[in-house]
Amino acid sequence: MENILKEFERDQKELIHILHRVQEEFGYVSPPAISAIAKHLKISENEIYSVLTFYKAFSLEPRGKHIVTVCMGTACHVRGAPRLVDDASREMGVDVGQTTPDKHFTLETVNCLGCCAIGPVVVVDGKYHSYVKRMDSIIKEYSEGR
Amino acid sequence: MKLTIDGKKIEAEGKKSILDVARENDINIPALCDHPILGPFSGCRLCIVEIQGRRGFAPSCSTYAEDGMEVKSDTPQLRKTRKEILGLILTEHPDACLICTEKQSCDEFKSTIRKVGEVTGCVLCSNNGRCDLQDVVEAVQIDKVDFPSVYRDLEVKKNDPFFDRNYNLCILCGRCVRVCHELRGASTVHFVDRGPEAVIGTALDRTLHESGCQFCGACVDVCPTGALTERAVKYEPLPDGTAKILCPLCGMGCELDVMLSNGRMLSAKPAEKGTVNQGQACVKGRFLIKDVVISPRRILQPMIRRRKELEEVSWEEALDFVAQKIKTYKGNEIGFITSPQLSCEDNVVAEKFAQEVVKTRNVGMSTGFTPLDSLWHLEQKNGISPSFHFNKEDIARAKVIFLTGTDLALSHPMLWLEVLKAVRNGARLLVASPFEIAGSRYASSWLPIKPGSEDLLYRCLSKMILKEGEVGGHDLEGYESFRRSLEKLNLSEAAEVTGIDEKSLRRATEMLMRGKPYFIAGMGLTPSSGENKNIASLWNLSLLCKGKLIPLGLENNQRCIFEMQRNNSRKTKLLSQILQAVREGQIKALYTIGPIPLDKKIKTELLIVQDSYLSGIAERADVVLPATTFAETDGTFVNVEGRTQSYSRVIQPIGESKPDWWILSQLAKKRGKKNFAYKKSQDILKEMKKRIPSLKKPSSAHTKRGKQKFVPLRARYHGTKIGKKFPFILSSDYSLDTYRNLVLSSEIKGFEMVRNARWIMINPEDAKTLKLEEGEGIIMESSVGKKKGVAKITEAVPQGTVRASFLWIEGTEEAFNPLPVRIKRGK
Ligand code: SF4
Ligand code: SF4
Ligand code: SF4
Ligand code: FES
Ligand code: FES
């Protein structure tokens, strides 16, 4: 943490950059990280928390190695996205928004990714999977090293 | 500039929003997120107006009025849009009552039905009848809400002292967030999450207490809904009147509006137009006032000790008794003590009483160890001419502020708000303090100085500044010898003692040389014994930087006592001298109106205590005379700036208590004195003006400059010796958390959480070594005495230092800075 902070000036404008960097490094922003950033930038932890919870890019809890995002926008919804979510949730053994105990998967949903034509859409670590019919194959694809 | 709003021709000046101009001219534009004390936010969009020649609607709260503008605030389109906007806002706020057609008759017939867990409508809300949202709904004339409404069913937060937070009623206007951040600098509450989940909250949903809240109540006072409500008034009726008082709980003298119902005090709020505080206060003024006045400790009747017990008697009997008893002693055998917490009127009469009725030279009016006193001693001794007055607004305009010996946000909260303003305007804040002060994150530099080495630090800074060459004061008397006295100073040796290295010194020097710094010096500079060398070298430093030294006092009316003494031909004594005379047996009887230490050695044949509370020394008295508090009598205070303000009675005296000046005048009459014929406090005015010259010019916050010169400095400090026996250094904290004989944190539960006078603060590492747990009972001992307290483990104090409150009443009279102490477990 200290080394990360050293990369940045003690300027409040750096907050977002620091948060991104921390998120990237640890996969989440922990409470001790919040207080370290607060001390570095001389702002209140509450202020940081506000920014943290505003952007989806940050998470407060450790996230999995692979982030599985199922689109629940209207188009994907009518094409069976809810079932995909249920399946994924059952396969992984976690609810939406949670991470598997072995920190391998995090399951998330999103409302419309802007590519409705190829729905239902599932994104894993930024990679788009179109016309998805089953979750188990996708999950298997990313289960290596589990 | 000239403009028209809704056809009305208006003249306005300065840079103002259309909304503010409208308000000034009694044109009501609905607004929810805007608040006069806050900057524009444009969150709610209710305040929209049409401006001739511009397309669309503009938010009037964030659009500046311009010359020639033609503004319309009430067109059919605006009305329609406003209704829609308000409808949207109301989807997240219980609206049944707001738009109910039976509203009027309901208001007439309902009884108190607010004692409910969940507020689902105005009739169940404690904000009913004083709610901005209700007013806006009324103004916008909304009669139905077209959107489905949601009750968010959030848990009401009740784990903090003084107020509850029910975010089911919150409309996310952001007023609380802005006041907390912009004005108070606390940044405790913020927007959390976004979209439909958005709420107001703290980091990780901690309590406010854990999130750096000062409990100033500013958020409660700006909230336009019932989301934030003061617990004390939750189930009380709406006030039927308000009256102004001056808060007596520190040297600021904030104006407060006391809310009354049937002559009963409900609560107090900062007055929006208060001269000193402009709608702000601190936790003490905002939340403690009622508990201070209506305390179960209040003495209701005079009492005389008979057969070891205090027995209630009539005033007549008590006064006769005291008048008789006083006669049996020779004047100087009686010690007479007043207090800087009493009004000017009380003090003037008390001093006259001591001199003309008791005829004693043993009069103590003040501890005499505040920076104010120390600077005055310098004035007397060296013929310098410091200006004691200042305007707090000047601080906001400073370029550099140097805080030393004070945790300003606690000791003088309104001055701290000015410091914050200055910082926001780009000023540099320099803090020299052994512990981390509240809000220290606003400091450009914090010099964590070893307790007691302040004098040396100021000399080092002076030397650095002299090295830079560009200094003020070379034409002043004493400059040469001061400069020479610094020649021998070895900076690196000094750094060992102060704990401040040369690099930090250089940075501090650079800041000080930015121009005309304000040096704000607090009680922490009071040395453990002898004269205050800190103030002397700080004075010299301030001359070198062409800055201004502001010496703080301690109590609300310290300035009055100070001016009385400064303008006195007959000298009064220091409180400690009186107490010493008591211990040595020269004083046989003591008449005290001020709190004195509960020291067992302070024993007299006769002890007369005139106070409002049966606590502290009053419990040992032979005679107890019940005095009113500030709320039950008229009076005058001079605040830390030197500003004179008066206040009037707001409630009937509690029990048979009487104003202090009244009690003393009655006694004087019993002793045959004719020149004490005061019927009301105003009768004292003439004498008061004579004794306190600055009163002649009301609000005289003038600055007087006379002869300036550098003062010669004595031998300097070489570090406090700590050893095996006393391994810690105590650095005392002097925020004023008592009123007369009442220790606020002992009597008021919520305050105990915020600031307990019994806390002894210690670094986590030290606590680990001593195996101390948070909240555990500990005993602190020094070579001169001991104090019991509870452990408060915090990183705000460095290792090897402990910080504790100075409580005069509790007999820690010698516990000044710095004092080697030891800590052990125990109760
Ligand atoms: S009480 Fe004061 S410090 Fe606490 S949240 Fe409200 S405004 Fe902020
Ligand atoms: S709590 Fe009150 S002041 Fe704060 S955002 Fe909600 S309604 Fe506005
Ligand atoms: S700042 Fe001082 S005067 Fe103002 S409310 Fe607080 S204690 Fe009272
Ligand atoms: S609804 Fe899934 S991409 Fe638009
Ligand atoms: S008052 Fe102007 S936008 Fe809210």
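Below, chains carry the letters A, B, ... as their sequence lines are ordered, and counting in each starts from 1.
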Quick check on B:Asn159: does its CG atom have over 12 non-hydrogen neighbours (other residues, nucleotides or ligands) under 6.0 Å away?
no

Can any side-chain N or O of B:Asn763 pair as donor or acceptor with the backbone N or O of B:Val797 at less than 3.5 Å?
yes

Output for pair (B:Leu403 CG, B:Leu447 CG), nearest 0.5 Å, gives 11.0 Å

By number, which residues in residues 414-423 of chain B have some heavy atom less than 4.5 Å away from chain A?
none

B:Ala198 versus chain A, heavy atoms under 4.5 Å apart: side chain, backbone, both or neither?
neither

Between A:Ile43, A:Leu60, A:Ile48, which has the largest tally of heavy atom pairs under 4.5 Å with chain B?
A:Ile43

So which donor and acceptor atoms of chain B and chain A come within less than 3.5 Å of each other?
{"unit_1": "B:Ser187", "atom_1": "O", "unit_2": "A:Ser44", "atom_2": "OG", "d": "2.7"}
{"unit_1": "B:Ser187", "atom_1": "O", "unit_2": "A:Asn46", "atom_2": "ND2", "d": "2.9"}
{"unit_1": "B:Ser187", "atom_1": "OG", "unit_2": "A:Glu47", "atom_2": "OE1", "d": "3.3"}
{"unit_1": "B:Thr188", "atom_1": "O", "unit_2": "A:Asn46", "atom_2": "ND2", "d": "3.2"}
{"unit_1": "B:Phe191", "atom_1": "O", "unit_2": "A:Ser50", "atom_2": "OG", "d": "2.5"}
{"unit_1": "B:Asp193", "atom_1": "N", "unit_2": "A:Thr53", "atom_2": "OG1", "d": "2.8"}
{"unit_1": "B:Arg194", "atom_1": "NE", "unit_2": "A:Phe54", "atom_2": "O", "d": "3.2"}
{"unit_1": "B:Ala203", "atom_1": "N", "unit_2": "A:Asn46", "atom_2": "OD1", "d": "2.9"}
{"unit_1": "B:Arg206", "atom_1": "NH1", "unit_2": "A:Glu45", "atom_2": "OE1", "d": "2.9"}
{"unit_1": "B:Arg206", "atom_1": "NH2", "unit_2": "A:Glu45", "atom_2": "OE1", "d": "3.4"}
{"unit_1": "B:Ser211", "atom_1": "O", "unit_2": "A:Asn46", "atom_2": "ND2", "d": "3.1"}
{"unit_1": "B:Ala443", "atom_1": "O", "unit_2": "A:Lys42", "atom_2": "NZ", "d": "2.7"}

Start with the C-alpha distance between B:Tyr518 and B:Val400, add both sets of side-chain angles, then the distance that settles side-chain contact (heavy atoms from CB on, under 4.5 Å), and finish with yes or no.
CA-CA 6 Å; B:Tyr518 271 70; B:Val400 191; over 6 Å; no

Return the CZ to CZ distance between B:Arg286 and B:Phe163, rounded to the nearest 0.5 Å.
9.0 Å

Is the closest side-chain heavy-atom distance between A:Pro32 and A:Met1 below 4.5 Å?
no

Has the side chain of B:Asp164 got a donor or acceptor atom that lies under 3.5 Å from a matching backbone atom of B:Thr229?
no

I'd like to know if B:Asp407 pairs up with B:Arg803 as an ion pair, taking the criterion as any Lys NZ or Arg NE/NH1/NH2 lying under 4.0 Å from an Asp or Glu carboxylate oxygen.
yes

Evaluate B:Phe191 against B:Leu172 for side-chain contact (heavy atoms from CB on, under 4.5 Å), listing each step before the verdict.
CA-CA 8 Å; B:Phe191 288 96; B:Leu172 295 171; 4.0 Å; yes

The test is side-chain contact (heavy atoms from CB on, under 4.5 Å); show your working for B:Ile401 and B:Leu430 and say whether it passes.
CA-CA 6 Å; B:Ile401 297 167; B:Leu430 221 108; over 6 Å; no

